[in-house]
Amino acid sequence: MNKTTVVLVAAALAGAGYVGVNYYVNDQIEQAITQKIAGFEADTGLDVDFASSSVDLLTRDVEITQLQISSLAQSAPELTIDKLSIAGYEQDKISPLTELEFVGIKLNSKADVFSQGTSPELLAATYHVKTSFSFDEASGDSEFALMVLADEVAQGDFTISLGNSKKLMEVSLAASKLDSQTLSLEQELQLQSQLMAAMQSLQFKSLALTINNQGKLSEFIESEVAQQGMTLADFRAAAAQQLQMMFLPQEVQQAINDFALGMNALSLSITSTHNQNFMALSQQLPVAMSQDPELLAELIKVEASGK
């Protein structure tokens with residue numbers, strides 16, 4: 001057997017091994033997903049079906065396709081999801097980047113839960129939702145991001161960045177490995193205390209929020225306020241009145257008023273100018289917002305626009 005033949009045989013065996021392992025892992029993943037769904041069904045009373053699931057051995061990304069979610073009292077699915085994917089998740093440690101994505105969410109307009117009080121724009125839309133969480137173990141910085149897109153209606157994006165989050169990650173990871181059914185009351189209280197302390201020590205770094213019109217945002221808002229017996233003019237007047245009663249920076253009030261008039265885009269960005277934890281910042285902000293604009297400017301930098 002020459003070298004070329006040896007290489008080809010080795011490659012074929014490796015390929016066969018990969019296919020075999022991939023089949024086994026995918027089978028194990030599907031069993032694990034089925035177990036998780038069974039627990040979800042027991043907790044919520046909902047019924048969940050899916051067509052297939054798969055895992056990529058190289059990236060460990062998980063994908064589930066053609067999900068259908070329905071209540072026991074509803075014969076047809078209340079909503080369907082074309083694809084759910086999970087990337088970067090690691091069971092035994094906090095991953096540097098974890099992403100969860102839902103593609104092609106559709107609501108059943110005939111389902112009882114959506115048949116009343118849901119605007120026609122939302123019923124007709126197809127949704128795309130993506131969340132991500134990143135964590136830098138060396139610095140302790142973390143960031144959570146959320147994107148929600150309703151096709152032809154609107155897209156919303158939210159991001160919050162935090163510092164000193166290493167302790168919270170450690171406590172959360174330890175909690176995820178515990179069996180809540182076997183914890184004593186003392187252990188539960190101790191865990192809650194640890195989580196609370198870790199959350200209070202978090203440092204606020206920045207926050208960003210954007211809303212952008214994708215075509216029918218004004219129609220959606222008009223439908224929503226109409227259900228409250230209001231017109232768009234009533235809504236704008238009420239929003240302006242409420243803003244005057246709130247201790248918000250002037251640029252934020254102006255941006256929201258401009259958005260209420262134009263209904264095209266809203267952008268808000270808040271950045272901390274000091275490395276303060278949430279406890280200290282939450283104690284100073286209310287006073288600064290209501291009585292001391294100069295102190296507010298020292299604590300946070302605010303940028304806002306609307307149209």
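By convention here, the first residue in the shown sequence is residue 1.
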Inset, instruction - For a side chain to side chain contact (heavy atoms under 4.5 Å, CB included) with Phe259, tell me which candidate from Asn213, Leu266, Asn264, Leu268 qualifies. - result: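 Passing option: Leu266.
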Non-hydrogen side-chain atoms of [X] and [Y] separated by less than 4.5 Å:
X      : Y      : result
Ser54  : Val62  : no
Asp151 : Thr126 : yes
Asp141 : Leu162 : no
Asn257 : Arg236 : no
Leu84  : Leu67  : yes
Leu299 : Gln276 : yes
Pro120 : Ser223 : yes
Ile105 : Val129 : yes

Inset, instruction - For the pair Ile86 and Asp61, evaluate side chain to side chain contact (heavy atoms under 4.5 Å, CB included) and give the outcome as yes or no after the intermediate values. - result: CA-CA 6 Å; Ile86 305 170; Asp61 295 352; over 6 Å; no
Under 4.5 Å between side-chain heavy atoms, hopping through other hydrophobics if needed: is there a path connecting [X] to [Y]?
X      : Y      : value
Leu146 : Leu149 : no
Phe144 : Phe135 : yes
Ile160 : Met279 : no
Phe133 : Met147 : no
Val287 : Ile300 : no

What distance do [X] atom [atom1] and [Y] atom [atom2] have between them, rounded to the nearest 0.5 Å?
X      : Y      : atom1 : atom2 : answer
His274 : Gln203 : NE2   : CD    : 12.5 Å
Leu207 : Ile270 : CG    : CD1   : 5.5 Å
Lys166 : Leu168 : NZ    : CG    : 13.5 Å
Ile256 : Leu248 : CD1   : CG    : 6.0 Å
Ile64  : Ser85  : CD1   : OG    : 9.5 Å
Asp47  : Ile69  : CG    : CD1   : 9.5 Å

Under 3.5 Å, is there a donor on one side chain and an acceptor on the other for [X] and [Y]?
X      : Y      : result
Glu143 : Ser161 : yes
Ser52  : Gln66  : no
Asp157 : Gln155 : yes
Ser142 : Ser165 : yes
Thr210 : Ser267 : no

Inset, instruction - Return yes when atom CE of Met199 has more than 12 non-hydrogen atoms of other residues, nucleotides or ligands closer than 6.0 Å, and no otherwise. - result: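 No.
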Legend entry - Glu137 CD: over 12 foreign heavy atoms closer than 6.0 Å: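 No.
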Can you see which heavy atom on [X] is nearest to which on [Y], and at what distance?
X      : Y      : result
Ser119 : Glu224 : CB-OE2, 3.4 Å
Lys106 : Asp82  : NZ-OD2, 3.4 Å
Lys301 : Thr273 : N-CG2, 4.1 Å
Pro77  : Ser70  : CA-CB, 3.6 Å
Ile221 : Phe235 : CG2-CE2, 4.1 Å

Inset, instruction - Kindly determine whether Leu202 and Asn164 satisfy side chain to side chain contact (heavy atoms under 4.5 Å, CB included), including the steps that lead there. - result: CA-CA 5 Å; Leu202 289 172; Asn164 198 33; 5.7 Å; no
Sequence neighbours excluded and cut-off under 3.5 Å, please list the side-chain donor-acceptor pairs for residues 189-198, or say none.
none

Legend entry - Residue list, side-chain hydrogen bond (donor to acceptor under 3.5 Å, both in side chains) with Thr231, at least two apart or on another chain: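 For Thr231 the side-chain hydrogen bond (donor to acceptor under 3.5 Å, both in side chains) partners, ignoring immediate neighbours, are Asp234.
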Inset, instruction - Write out all pairs satisfying side chain to side chain donor-acceptor pair (under 3.5 Å) with one or both partners inside residues 245-256, taking only residues at least two apart or from two chains. - result: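 Pairs touching residues 245-256 that pass the test: Gln254-Asp258.
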Inset, instruction - Check salt bridge (Lys or Arg N to Asp or Glu O under 4.0 Å) between Lys307 and all other residues, then give those that pass, not counting sequence neighbours. - result: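 For Lys307, no residue satisfies salt bridge (Lys or Arg N to Asp or Glu O under 4.0 Å) once neighbours in sequence are set aside.
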Inset, instruction - Would you please name every residue forming a salt bridge (Lys or Arg N to Asp or Glu O under 4.0 Å) with Lys167, sequence neighbours left out? - result: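 Checked Lys167 against salt bridge (Lys or Arg N to Asp or Glu O under 4.0 Å); zero matches.
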Legend entry - Exam field: side chain Tyr127 to backbone Leu107, donor-acceptor pair closer than 3.5 Å: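 Answer holds: no.
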Please list every donor-acceptor pair under 3.5 Å in which a side-chain atom of residues 95-103 meets a protein atom from a residue at least two apart or in another chain.
{"residue": "Ser95", "atom": "OG", "partner": "Gly88", "partner atom": "O", "Å": "2.6"}
{"residue": "Ser95", "atom": "OG", "partner": "Leu97", "partner atom": "N", "Å": "3.2"}
{"residue": "Ser95", "atom": "OG", "partner": "Leu97", "partner atom": "O", "Å": "3.0"}
{"residue": "Glu101", "atom": "OE2", "partner": "His128", "partner atom": "NE2", "Å": "2.6"}

Inset, instruction - Evaluate the criterion side chain to side chain contact (heavy atoms under 4.5 Å, CB included) for residue pair Gln214 and Val153; output intermediate values, then yes/no. - result: CA-CA 5 Å; Gln214 297 293 320; Val153 180; 5.6 Å; no
